[in-house]
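Notes follow the structure.
The residues of the chain are indexed from 1 along the displayed sequence. Ligands are counted one by one from 1 in listed order, and the atoms in each one are counted from 1 as well. Since this is a predicted model, take the numbers as computed values, not measurements.
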Amino acid sequence: MAQLSIRNLEKVYGGALKALHGINLDVKDGEFMVLVGPSGCAKSTTLRMIAGLETVSGGHISIGDKVVNNLPPGERGIAMVFQNYALYPHMKVRKNLSFGLKLAGEKKDEIARRVAEVADVLEIGPLLDRLPKQLSGGQAQRVALGRALIKKPEVFLFDEPLSNLDAKLRASMRVRITDLHRRLKEQGQSSTVVYVTHDQVEAMTMGDRICVMKDGRIMQVADPETLYARPENAFVAGFIGMPEMNLVNATVSRGEGGPVVTFGDQSVRFGADLAGRLAAGTDGDVTFGVRPQHFRLAAPGEDALIAKVIKADFLGHEVDVHVTIGGERFTVVLPVEEYRKASVDGALRIRPDEERVFIFDRVSGQNISLA
Ligand SMILES: Nc1ncnc2c1ncn2[C@@H]1O[C@H](COP(=O)(O)OP(=O)(O)OP(=O)(O)O)[C@@H](O)[C@H]1O
Ligand SMILES: [Mg+2]
């Protein structure tokens, strides 16, 4: 079993800069966990501490049921794949793959068997006698993956392994890696993964669960659907989803007929759903959140917001419409046909979908509408 457990993990660089503020995280045996967050939030720091490449300033890391804080990297049962795959340039692919096993004193025929196995899984058999400089980016990355895989580690650590590849190759490597993970699992091999990226699409498409980080702290850990549908705070809400969720200043007042949300000189009344989700006593200044996809056109005569169109970006079947409502800027995504029909004198009559709007505390950013 190779579950990974992180307790109150801290990192202080150079005695002054606190990069990681006591995080707690459990990764289950065989789970694919993605660490995601903006540059500098300490994703690599966390990963490098798990790998043993960085000292621990406080707290514990366990792999299986063993605390590994003071174990050297080679004894942790991990393998790591980096962004700049760092293949040995003077060694052919075959040797790049087998080098680690040879150092570990593995027998010759066992090494040959494992090289063949890994080459087969990653479809790099025809490349075994090439030098790294004779490989494309995607091929080199597969060799780097093979070098990790051949060790049969209990835990795989990936630090932005695809960020040097172009968009198309990145998409196909994503599928390859998740597919490989699934197959290893089916074969009963332990394959716990911690995968670092700053790309939310990569996180959403690859992770069984995703850990969203900011400034050395964990903002939320959940499966992709939950992160999208139930963000615990405005940061996660804004980080996950494209285009970004609209997060705007608003005021809420709880009237008889349901909560009324006001942006500048415009208001919209919601009903029982939002009333039921809002924490007791919520009134006054808040941050209102609604995804661009979660607006609909208002029916004639229905209570609506008047959205003044600033710019419309046509993306084929959809339009990203940039609007202002009561002076606040929003993005609204609509099907092209609907937009064409509904836009009158540069304005749209729209309503947010009540069941998918959120209210966040203006100061703390906590989602106070999850019920
Ligand atoms: N060796 C180091 N010495 C001092 N400060 C460091 C060191 N490595 C990282 N830091 C600092 O620690 C913080 C976290 O860095 P880290 O590299 O873990 O971020 P990251 O989330 O991986 O960012 P990126 O997405 O840019 O790779 C940053 O403020 C960084 O400047
Ligand atoms: Mg990094």
Could you please give the number of protein N/O/S atoms within less than 2.8 Å of the Mg ion (ligand 2)?
1

Expected rows: ligand 1 N/O, protein N/O, dist below 3.5 Å:
residue	atom	partner	partner atom	Å
ligand 1	8 (N)	Tyr13	OH	3.4
ligand 1	18 (O)	Thr45	N	2.9
ligand 1	18 (O)	Thr45	OG1	2.5
ligand 1	19 (O)	Ala42	N	3.4
ligand 1	21 (O)	Cys41	N	3.2
ligand 1	21 (O)	Ala42	N	3.0
ligand 1	21 (O)	Lys43	N	2.9
ligand 1	21 (O)	Lys43	NZ	2.9
ligand 1	22 (O)	Ser44	N	2.9
ligand 1	22 (O)	Ser44	OG	2.8
ligand 1	23 (O)	Gly40	N	2.8
ligand 1	25 (O)	Lys43	NZ	2.8
ligand 1	26 (O)	Ser39	OG	2.5

Report the hydrophobic cluster partners of Leu247, with the cluster defined as I, L, V, M, F, W, Y residues connected by side-chain heavy atoms closer than 4.5 angstrom, directly or transitively.
Met245, Phe358, Phe360, Leu370

Beyond-backbone contact of Leu157 with Val81, side-chain heavy atoms, under 4.5 angstrom:
no

Is there a side-chain contact between Pro161 and Gln141 (heavy atoms, below 4.5 Å)?
yes

Can you confirm whether or not the ring centre of Phe330 sits under 6.0 Å from the ring centre of Phe263?
yes

Distance-only donor-acceptor check, side chains Tyr195 and Glu202, under 3.5 Å:
yes

What I want to check is whether the side chains of Asp215 and His21 have a donor and an acceptor closer together than 3.5 Å.
no

Taking only distance into account, with no hydrogens and no angle test, what donor-acceptor pairs under 3.5 Å do side-chain atoms of residues 37-46 form with protein atoms, sequence neighbours excluded?
residue	atom	partner	partner atom	Å
Lys43	NZ	Gly37	O	2.9
Lys43	NZ	Pro38	O	3.1
Ser44	OG	Asp159	OD1	3.4
Ser44	OG	Asp159	OD2	2.8
Thr45	OG1	Tyr13	OH	2.9
Thr46	OG1	Ala42	O	2.7

Taking the six-membered ring of Phe32 (Phe, Tyr or Trp), confirm whether the NZ or CZ of Arg182 is under 6.0 Å from its centre and within 45° of its axis.
no

When you measure from the side chain of Arg114 to the backbone N and O of Ile150, does any donor-acceptor pair fall under 3.5 Å?
yes

